[in-house]
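The structure appears below as structure tokens.
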Amino acid sequence: MAWTQALATAVKDEKMRVDEDERTYTIKDGFPKAQHHYLVLPKPVQARGISSLTRDDCPLVQHMTRRGEELVERLTEKDPKLKFRIGFHAIPSMAHLHLHVISQEFDSEKLKNKKHWNSFTTDFFMEADEVVEGLKKDGRFSIDKRHYEELLKQDLTCPCCKTVGSNLPKMREHYRRCFSSGRH
């Protein structure tokens with residue numbers, strides 16, 4: 001099986017599964033880019049991205065988002081300092097529809113390159129609420145593939161203060177200071 005199909009297998013793995021309900025699975029990300037990185041997938045697992053969603057999918061995306069928010073509530077009860085974002089990649093690397101629930105400290109050895117950084121710190125990461133609003137307004141969610149691919153190539157930039165970094169280790173160190181000072 002291709003790695004792009006791995007989420008269909010991951011939802012069956014008891015060690016990966018964090019939660020589930022009648023409509024969704026919540027699993028640990030197999031290659032977390034932060035200390036807390038989870039994925040919410042619909043049941044059944046669907047091989048499609050956000051650009052294939054329609055207005056009819058709003059209830060599903062809203063339910064997936066609620067499940068992510070419930071997880072965030074549980075995690076922040078334990079550690080109130082945690083900050084999270086919930087959303088989708090404009091152009092997902094995995095074939096199956098999935099919503100990211102990711103803490104914002106980006107402290108992970110799996111965050112290895114500019115593409116990883118930019119996929120969570122630029123508009124390539126689309127807030128779940130934006131996706132729902134786009135679906136409600138336009139009936140579909142159109143993706144300008146060239147635009148979003150360019151976002152992955154742009155300079156490393158601190159999402160807190162917009163400082164541009166020369167390499168990922170220096171950006172991560174800068175961001176760690178910026179983030180811990182409460183500038184997020």
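Predicted, not measured: the structure shown is a model, and the values here were computed from it.
To the nearest 0.5 Å, atom CG of residue D79 and atom OG of residue S103 are 9.5 Å apart. Once rounded to the nearest 0.5 Å, the distance linking CG of L97 with CD of Q46 reads 6.0 Å. Rounding to the nearest 0.5 Å gives a distance of 8.5 Å between CD of Q154 and CG of D123. Atoms CG and CD, on D129 and Q62 in that order, are 9.0 Å from each other to the nearest 0.5 Å. With rounding to the nearest 0.5 angstrom, the SG atom of C158 is 9.5 Å from the CZ atom of R177. If you take OG1 on T121 and CZ on F106, they are separated by 6.5 Å, rounding to the nearest 0.5 Å.
Under the 4.5 Å side-chain heavy-atom criterion for Ile, Leu, Val, Met, Phe, Trp and Tyr, I102 and F84 are members of distinct hydrophobic clusters. Hydrophobic clustering places M94 together with V45 (ILVMFWY residues linked when any side-chain heavy atoms are closer than 4.5 Å, directly or through intermediates). Under the 4.5 Å side-chain heavy-atom criterion for grouping Ile, Leu, Val, Met, Phe, Trp and Tyr, Y38 is connected to F88 within one hydrophobic cluster. Each of F125 and L71 belongs to its own hydrophobic cluster when Ile, Leu, Val, Met, Phe, Trp and Tyr are linked at side-chain heavy-atom distances under 4.5 angstrom. M64 is connected to I50 through a chain of hydrophobic side-chain contacts under 4.5 Å among Ile, Leu, Val, Met, Phe, Trp and Tyr, so both are in one cluster.
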I would like to know whether M171 and W117 meet side-chain contact (heavy atoms from CB on, under 4.5 Å); could you show each step before the answer?
CA-CA 9 Å; M171 176 51 64; W117 180 265; 3.6 Å; yes

Stepwise side-chain contact (heavy atoms from CB on, under 4.5 Å) check, F31 with E109:
CA-CA 9 Å; F31 296 92; E109 63 186 35; over 6 Å; no

Please determine whether side-chain contact (heavy atoms from CB on, under 4.5 Å) holds for the pair E105 and Q35, giving the CA-CA distance in whole Å, both sets of side-chain angles, and the decisive distance to 0.1 Å.
CA-CA 7 Å; E105 86 296 324; Q35 289 179 11; 3.2 Å; yes

V72 and L75: side-chain contact (heavy atoms from CB on, under 4.5 Å), yes or no, with the steps?
CA-CA 5 Å; V72 167; L75 293 168; 5.7 Å; no

Apply salt bridge (Lys or Arg N to Asp or Glu O under 4.0 Å) to the pair R176 and E173, showing each step before the final yes or no.
CA-CA 5 Å; R176 194 174 352 268; E173 183 55 36; 3.5 Å; yes

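The two residues F124 and I91 come nearest to each other via the heavy atoms CZ-O, 3.2 Å. What you find for C58 and L135 is that their closest heavy atoms are SG-CB, 3.6 Å. Shown here for I86 and G68, the closest heavy-atom pair between the two residues is CD1-C, 3.7 Å. Closest of all the heavy-atom pairs between N118 and L152 is ND2-O, 3.1 Å. Across all their heavy atoms, V131 and F141 have their closest contact at CA-CE1, 3.5 Å. Closest approach of K43 to E20, counting heavy atoms only: NZ-OE1, 2.5 Å.
Taking 4.5 Å as the limit, every side-chain heavy atom of L41 sits out of range of all side-chain heavy atoms of T24. The closest side-chain heavy-atom distance from C160 to Q104 is not below 4.5 Å.
For R140 (side chain) and T54 (main-chain N/O), no donor-acceptor pair under 3.5 Å exists by modelled atom type. Under the 3.5 Å distance criterion, the side-chain polar atoms of R85 are left unmatched by any main-chain donor or acceptor of M126. Although no hydrogens or angles enter the test, the distance criterion places a donor-acceptor pair under 3.5 Å between the side chain of H37 and the main chain of K33.
In summary, the aromatic rings of Y25 and H98 are positioned with their centroids too far apart to meet the 6.0 Å limit. Residues F120 and H100 bring their aromatic ring centres within 6.0 Å.
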Show which side-chain atoms of residues 161-168 pair as donor or acceptor with protein atoms under 3.5 Å away, not counting sequence neighbours.
| residue | atom | partner | partner atom | Å |
| --- | --- | --- | --- | --- |
| K162 | NZ | P159 | O | 3.4 |
| N167 | OD1 | K170 | N | 2.8 |

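Just one of L39, V18, D13 meets the side chain to side chain contact (heavy atoms under 4.5 Å, CB included) condition when paired with K28; it is V18.
When the salt bridge (Lys or Arg N to Asp or Glu O under 4.0 Å) test is applied to E130, no partner is found at least two apart in sequence or on another chain.
Among pairs with a residue in residues 44-71, those fulfilling salt bridge (Lys or Arg N to Asp or Glu O under 4.0 Å) read D19-R67, D21-R67, R48-D57, R67-E70, at least two apart in sequence or across chains.
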